[in-house]
Amino acid sequence: MAAKAAFPHDYRYGTSRPWTIAAQRLNPPGKKRRKVFVEPIANEDWHVLRGDTVEILSGKDKGKQGKVAQVFRRRNWVILEGLNTHYRYIGRSGDYRGTYIASEAPLLLKDVTLIDPTDRKPTDIEWRYTEEGERVRVSVRTGRIIPKPVYQRKDGIIPQQWKDGPKDTSPEDTLQTTYTPSLKTLEEEVMEKMNIQEDRRPRKSYWY
Amino acid sequence: MAAAVASRLTAAICRQFQRVVTVSSHTQPQYATQALSKFHSCQPRQMYDSWWFRSSMNNRALHTSCVRKGLEEFFDLPENWGEQTVKSGAPWTAKQLRVKSNEDLHKLWYVLLKEKNMLLTSEQEAKRQRLPMPSPERLKKVERSMKRLDTVVKEREDALRLLQTGQEKGRPGEWRRNVFGKTFWYRFREHPIPWYLNSRYKRRRFFEPSHVAPYTRLSLEKYLRSKIRKEKRDKRNQKRFAAMFPKKTALA
């Protein structure tokens with residue numbers, strides 16, 4: 001099993017993954033930088049999910065609405081598609097200055113809000129429970145439930161369009177209940193089914 | 001593998017491999033003896049030699065059974081050979097496994113095991129050929145499914161044991177003190193001989209020697225100090241963060 005990735009306590013998390021060269025440049029082994037303070041938000045209180053439409057409240061693109069592409073929980077960052085961009089060159093080599101592309105900068109969580117789907121205006125969000133007991137995001141102003149956004153999976157699979165392969169169990173077979181609770185252990189039940197008679201007595205052993 | 005293969009349970013027969021060549025036993029020896037006799041007629045030999053080879057005591061009947069050894073189970077389905085990616089479904093979840101009977105779980109375990117062996121073979125072969133393995137996430141899915149199956153079986157065993165005996169742990173153990181003065185949960189092991197005859201066990205020291213005793217108190221003090229420091233730090237940080245991040249609504 002792979003070991004859990006360990007970071008020093010003053011590791012500065014950036015937008016690149018830790019194994020990339022950019023991240024290694026951001027955190028060289030001997031560096032000591034000013035500590036960046038991140039507002040502690042509990043896991044249950046996080047309300048912006050990937051694929052949500054949010055509005056920017058401050059910054060260059062104030063007032064614009066965009067879809068969330070990435071969420072960085074470590075720094076309370078959110079990256080929107082195509083908004084809050086700056087321009088840079090990538091892939092430069094030798095004399096060629098590279099391609100000029102727009103790259104998005106991360107926004108802090110407190111600078112974005114979710115949008116009420118009814119009137120498409122920014123609103124505050126609370127976590128509340130429905131009658132069935134489901135925990136949902138509710139807009140404070142109108143009381144409308146904001147549904148979880150549908151986001152395409154990384155492997156490109158759309159669950160509604162899935163076709164079972166030869167080695168896949170069909171959904172009906174998977175959900176079929178075959179368990180009847182009984183006072184037998186798995187071994188006893190299996191031995192009964194396979195007609196195995198075990199007459200040998202276990203040898204005396206000592207536990208210490 | 002939306003849970004690997006319930007089909008394999010019933011269809012070990014269905015999915016049989018017609019490409020396996022069967023060689024029937026009774027035809028073979030005649031062919032062998034004929035070949036031998038032909039061979040001998042080519043060479044200039046004396047009469048008694050060919051008689052010697054043809055007599056029954058020197059002719060072992062050649063029997064070859066069909067190559068049905070099951071090695072093909074170590075390899076993927078033939079239509080997946082040479083593919084860069086192989087489609088596979090989601091792994092089994094613990095919730096789905098809990099509704100299955102013990103017999104089903106027993107069968108599923110072996111199905112998953114065989115699939116895991118097949119994937120490990122494919123991984124090793126890819127390493128040998130220095131090529132990327134097609135769809136390595138299948139291995140992770142199988143491992144997770146097996147882990148969850150094990151968890152479900154353990155849960156059932158725990159429930160039964162608690163009901164019938166009231167024992168919380170399946171494996172006996174007790175709290176003991178090791179040579180360094182640390183108290184830990186010592187898990188018992190099974191032995192064929194009692195402890196007073198086990199010389200290696202008698203050499204193990206489950207007590208702290210007298211020169212180690214002062215350090216127990218010191219390490220306890222260290223632990224308490226660090227706990228208090230952590231609590232104080234958390235309280236201090238709470239005040240700082242409240243000042244740094246005032247609670248205000250996102251909209252004015």
Side-chain angles (χ1 to χ4, degrees), chain A residues 1-2 37-41 47 54-55 57-58 76 108-114 121-125 140-141 155-157 159 162-171 173-194 202-208, chain B residues 1-8 15 76-77 79 86-90 92-93 96-108 111 115 137 143 153 156-157 159-161 163-164 171-173 186 188-195 197-198 201 237-238 240-241 244-245 248-252:
Chain A
M1 212 179 316
F37 290 95
V38 169
E39 184 184 348
I41 301 183
H47 53 267
V54 295
E55 177 159 326
L57 298 172
S58 68
N76 291 352
L108 275 174
L109 187 71
K110 60 178 176 56
D111 295 334
V112 298
T113 33
L114 285 170
K121 292 268 164 42
T123 160
D124 263 334
I125 296 292
V140 164
R141 199 181 56 217
D155 43 16
I157 296 175
W162 175 259
K163 290 263 166 22
D164 280 339
K167 293 189 181 173
D168 293 331
T169 324
S170 64
D173 285 334
T174 318
L175 297 170
Q176 191 191 24
T177 315
T178 49
Y179 178 54
T180 43
S182 72
L183 289 175
K184 288 196 190 295
T185 57
L186 186 140
E187 287 84 17
E188 285 171 10
E189 269 196 36
V190 166
M191 273 170 68
E192 261 186 41
K193 291 270 157 57
M194 296 174 76
R203 187 180 221 179
K204 181 153 172 61
S205 64
Y206 301 86
W207 284 86
Y208 51 84
Chain B
M1 277 154 263
V5 210
S7 59
R8 272 212 236 184
R15 225 169 28 91
D76 211 348
L77 301 172
E79 51 260 22
V86 178
K87 207 174 73 141
S88 56
W92 283 94
T93 60
Q96 290 161 356
L97 290 167
R98 273 187 203 117
V99 295
K100 297 292 173 197
S101 67
N102 284 332
E103 193 200 342
D104 279 348
L105 290 180
H106 182 71
K107 288 181 183 165
L108 183 61
V111 164
E115 182 71 15
E137 72 272 1
E143 275 171 9
V153 168
R156 288 188 189 172
E157 264 185 30
L160 194 64
R161 192 183 54 242
L163 202 62
Q164 291 187 326
R171 182 168 164 180
Y186 173 72
F188 287 174
R189 288 169 64 191
E190 202 172 8
H191 302 264
I193 48 172
W195 70 268
L197 298 175
N198 195 341
Y201 179 80
N237 281 347
Q238 218 180 33
R240 270 171 79 197
F241 288 155
M244 229 191 290
F245 305 111
K248 59 170 171 64
T249 52
L251 303 169

>> Under a 4.5 Å cutoff for heavy-atom pairs, which residue among A/L109, A/T177, A/I157 has the most contacts with chain B?
In response: A/T177
> Is it the side chain or the backbone of B/Q164 that comes within 4.5 Å of chain A heavy atoms, both, or neither?
Replying inline: side chain
> Would you say the side chain of B/L77 lies within less than 4.5 Å of the side chain of B/V86, judging by non-hydrogen atoms?
Replying inline: no
> Looking at A/W207, A/F37, A/Y208, which has the largest count of heavy-atom pairs under 4.5 Å with chain B?
Replying inline: A/Y208
>> Donor-acceptor check, side chain of B/D104 to backbone of A/T178, threshold 3.5 angstrom: yes or no?
In response: no
> Which answer fits B/R189, side chain, backbone, both or neither, if we ask what part of it has an atom under 4.5 Å from a heavy atom of chain A?
Replying inline: both
>> Using heavy-atom distances under 4.5 Å, tell me whether A/S58 contacts chain B through its side chain, its backbone, both, or neither.
In response: neither
>> Between B/R156, B/H106, B/E103, who has the most heavy-atom pairs with chain A when the cutoff is under 4.5 Å?
In response: B/R156
>> Which atoms of B/P194 are under 4.5 Å from chain A, going by heavy atoms: the side chain, the backbone, both sets, or neither?
In response: both
>> Looking only at heavy atoms and a cut-off of under 4.5 Å, which of A/L186, A/D111, A/V140 has the most pairs with chain B?
In response: A/L186
>> Quick check on B/R171 against chain A: is it the side chain, the backbone, both or neither that has a heavy atom closer than 4.5 Å?
In response: side chain
>> So for B/E157, is it side chain, backbone, both, or neither that comes closer than 4.5 Å to the heavy atoms of chain A?
In response: side chain
> Do A/K163 and B/K87 have side chains that get closer than 4.5 Å, going by heavy atoms?
Replying inline: yes
> Can you say whether A/E189 sits under 4.5 Å from chain B via the side chain, the backbone, both, or neither, judging by heavy atoms?
Replying inline: side chain
>> Looking at every heavy atom in both B/V153 and B/L105, which two are closest together, and how far apart are they?
In response: CG2-CD1, 4.1 Å
> With a 4.5 angstrom heavy-atom cut-off, which part of B/L163 approaches chain A: side chain, backbone, both or neither?
Replying inline: side chain
>> Counting only non-hydrogen atoms closer than 4.5 Å, does A/E192 touch chain B with its backbone (N, CA, C, O), its side chain (CB onward), both, or neither?
In response: neither
